[in-house]
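Read through the structure below, which is laid out as structure tokens, and then see the notes.
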There are 2 protein chains.
Amino acid sequence: MPERPKSRETGREIGREFGLPTLLPLSEHTVPARRVIFRQRDVHESVPFICSGWAATAVTLSDGSRQILSFLLPGDMVSASLLFGSTAHCSVEAVTDVHYCCFDRDDLKASLLSGPDLIEKLSRIWLERKLRAVELAVDLGRRTADERIARLILGLRDRLAARGMTQGQTMDFPLRQHHVGDATGLTAVHVSKVLSEFRRRGLIEINDRSLTILNPGEFQRVATMR
Amino acid sequence: MPERPKSRETGREIGREFGLPTLLPLSEHTVPARRVIFRQRDVHESVPFICSGWAATAVTLSDGSRQILSFLLPGDMVSASLLFGSTAHCSVEAVTDVHYCCFDRDDLKASLLSGPDLIEKLSRIWLERKLRAVELAVDLGRRTADERIARLILGLRDRLAARGMTQGQTMDFPLRQHHVGDATGLTAVHVSKVLSEFRRRGLIEINDRSLTILNPGEFQRVATMR
DNA sequence: CGGCCCTTTGACGGACGTCAAATAGCGTGG
DNA sequence: CCACGCTATTTGACGTCCGTCAAAGGGCCG
């Protein structure tokens with residue numbers, strides 16, 4: 001068995017994204033790495049939040065190719081769609097071992113819509129997700145492999161840093177190269193070549209599921225070449 | 001001067017997306033084709049709706065390359081982001097001559113949040129936009145040029161059909177090949193080659209800013225190969 | 001020890017971009 | 001009216017980026 005989640009920080013983590021008053025989870029779950037949590041067509045009456053671990057939302061095409069739409073980090077609501085509809089339009093897979101909690105949709109919606117304060121919070125979440133969706137489309141449509149991969153790494157770094165989950169230029173990096181490829185519209189083989197090149201240029205270092213940015217300035221430049 | 005918008009169907013068109021009670025527009029505007037309506041950094045206190053014509057939302061990178069995120073058709077809210085924030089994160093350009101109306105954000109938000117009915121409508125709009133964003137990412141990340149272009153055309157066909165703006169398999173198609181390229185992450189030159197191939201295969205016909213799907217079954221198959 | 005997954009590396013191929021030239025259309029101004 | 005300038009489209013030759021295929025090695029766990 002792989003390592004277990006260290007603590008159950010449900011209240012605090014949910015607090016990160018919502019600042020919700022204490023709301024009791026309907027259920028809690030722990031799933032091992034690589035397990036599918038939900039399928040694209042699943043119907044839900046509750047809204048899950050990631051408490052620990054990393055997950056990915058993805059769409060799979062009939063030929064087996066896959067597009068990862070986002071990585072979910074501790075504290076993230078699995079899909080804002082689920083607040084209003086009962087289907088998320090995409091599947092969710094555990095990248096590491098994942099612990100998550102489900103809240104009743106109607107309860108959650110009710111407490112969100114109760115105060116103008118919380119509506120603002122909800123809209124901020126929507127705006128941030130929309131911004132990420134725009135960035136993803138621009139990256140996939142208009143950027144090279146180098147840029148896409150560097151931007152993926154920097155985006156994750158920023159989100160982890162906002163949670164206090166980085167140590168200087170070092171961060172957890174549990175993604176397989178296959179995940180990176182599916183998130184950037186590339187193949188795992190090509191991801192390997194690009195990462196090797198990044199290492200050769202002294203930009204980053206990856207050891208034991210941990211990534212360090214050795215040359216932040218230059219790495220940022222690679223991510224922002226256009 | 002190119003043709004002018006035939007009528008000012010503000011009320012009815014806004015009705016299409018929102019079913020709003022009559023709400024007076026703050027202002028109305030007419031802009032000629034190819035004109036930029038808003039820039040990425042513009043700050044707005046009002047929410048614009050397209051009354052007639054086609055527009056495009058896009059992000060432009062510093063090297064001049066551009067990613068079109070969506071085409072806006074009559075009745076569309078220009079950006080749902082503007083309901084909650086004062087910046088749309090993308091620019092908006094007129095594809096054809098465009099007539100649009102702006103509503104006061106606070107008025108619009110207030111009437112949307114007044115009834116649970118309208119909140120449901122708003123969330124349906126968010127869900128549809130999110131679904132389109134997901135489709136865009138999958139298309140850009142995982143589909144070939146043929147598929148992307150066929151899917152763009154079919155997506156527009158469906159949206160026009162929902163407005164009663166198609167005649168059988170024929171629809172207005174005011175897009176330049178440059179627009180198609182910017183929307184699909186391709187170059188205008190490659191778009192030309194793909195469209196020529198579509199014509200050679202008897203799939204579609206384009207004349208005078210009008211597009212006809214000659215072989216719907218086969219064209220659908222091209223769009224759904226995986 | 002033996003699978004399995006992950007990663008790396010190289011050779012090769014294909015899809016799409018770049019560059020260039022030719023043509024057509026369209027609106028403007030003389 | 002024609003001349004012109006600009007934009008859009010088409011087509012071909014060629015180049016590049018990234019995918020595909022294959023082989024080999026390492027780490028992990030039964």
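Fair warning: this is a prediction, and the values are worked out from it, not measured in the lab. Just so it is clear: chains get the letters A, B, ... in the order the sequence lines come, proteins before strands, and each one is counted from 1.
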Quick one: which residue pairs count as a side-chain hydrogen bond (donor to acceptor under 3.5 Å, both in side chains) with a foot in residues 87-96 of chain B, not counting sequence neighbours?
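Listed by first then second residue: B:R66-B:E93.
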CZ (A:R35) with more than 12 external heavy atoms under 6.0 Å
no
Does CZ belonging to B:R34 count more than 12 external heavy atoms closer than 6.0 Å?
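Check fails, neighbour count at 12 or below.
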Check this for me: does any side-chain nitrogen of one of [X] and [Y] sit under 4.0 Å from a carboxylate oxygen of the other?
X: A:D76; Y: A:R159; value: yes
X: A:E135; Y: A:R132; value: no
X: B:D146; Y: B:R151; value: no

Would you call the rings of A:W126 and B:W126 parallel, tilted or perpendicular if under 30° counts as parallel and over 60° as perpendicular?
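The rings of A:W126 and B:W126 lie parallel, inter-plane angle below 30°.
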Please work out which of the three classes, parallel, tilted or perpendicular, describes the rings of B:F71 and B:W54, given edges at 30° and 60°.
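Plane angle between 30° and 60°, so tilted.
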Within this structure, what is the [atom1]-to-[atom2] distance between [X] and [N], rounded to whole angstrom?
X: B:L211; N: D:dT9; atom1: CG; atom2: P; result: 13 Å
X: B:K193; N: C:dA15; atom1: NZ; atom2: P; result: 13 Å
X: B:D97; N: C:dG27; atom1: CG; atom2: C1'; result: 14 Å
X: B:I149; N: C:dC16; atom1: CD1; atom2: P; result: 9 Å
X: A:D139; N: D:dC18; atom1: CG; atom2: P; result: 13 Å
X: A:I206; N: C:dT7; atom1: CD1; atom2: P; result: 9 Å
X: A:R143; N: C:dG17; atom1: CZ; atom2: P; result: 17 Å
X: A:F173; N: C:dT7; atom1: CZ; atom2: P; result: 10 Å

Taking the ring of B:F103 and the ring of B:F49, is the distance between their centroids below 6.0 Å?
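Yes, they do, as the ring centres are separated by less than 6.0 Å.
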Establish, from distance only, whether the side-chain atoms of B:H190 and B:S192 form a donor-acceptor pair under 3.5 Å.
no
Does anything in residues 54-62 of chain A reach DNA chain C, meaning a heavy atom under 4.0 Å, and if so which residues?
none
Give, ordered by number, those residues of residues 194-204 of chain A having at least one heavy-atom distance below 4.0 Å to an atom of DNA chain C; if nothing qualifies, reply none.
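Residues of residues 194-204 of chain A that come under 4.0 Å of DNA chain C are, in numerical order, A:S196, A:R199.
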Under the side-chain hydrogen bond (donor to acceptor under 3.5 Å, both in side chains) test, which residues partner A:S210, sequence neighbours left out?
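Once residues adjacent in sequence are excluded, A:S210 has no partner under the side-chain hydrogen bond (donor to acceptor under 3.5 Å, both in side chains) criterion.
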Nearest-nucleotide check on DNA chain C, B:A145 vs B:V189; residue mapping nearer the 5' end is B:A145
Is there a side-chain contact between [X] and the phosphate of [N], meaning an N or O under 4.0 Å from OP1 or OP2?
X: A:R209; N: D:dC28; result: no
X: B:S192; N: D:dT10; result: yes
X: B:Q177; N: D:dT10; result: yes

Look at all strands and tell whether B:G185 reaches a base, only sugar-phosphate, or nothing, counting heavy atoms closer than 4.0 Å.
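Sugar-phosphate, no base atom in range.
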List the residues meeting salt bridge (Lys or Arg N to Asp or Glu O under 4.0 Å) with A:R157, not counting sequence neighbours, and say none if there are none.
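A:R157 satisfies salt bridge (Lys or Arg N to Asp or Glu O under 4.0 Å) with no residue once adjacent residues are dropped.
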Restricting both atoms to N or O, compile the protein contacts to nucleotides 4-7 of chain D shorter than 3.5 Å, with distance only.
none

Using the closest heavy atom to pick a nucleotide of DNA chain D for each, name whichever of A:T144 or A:D208 lands nearer the 5' end.
A:T144
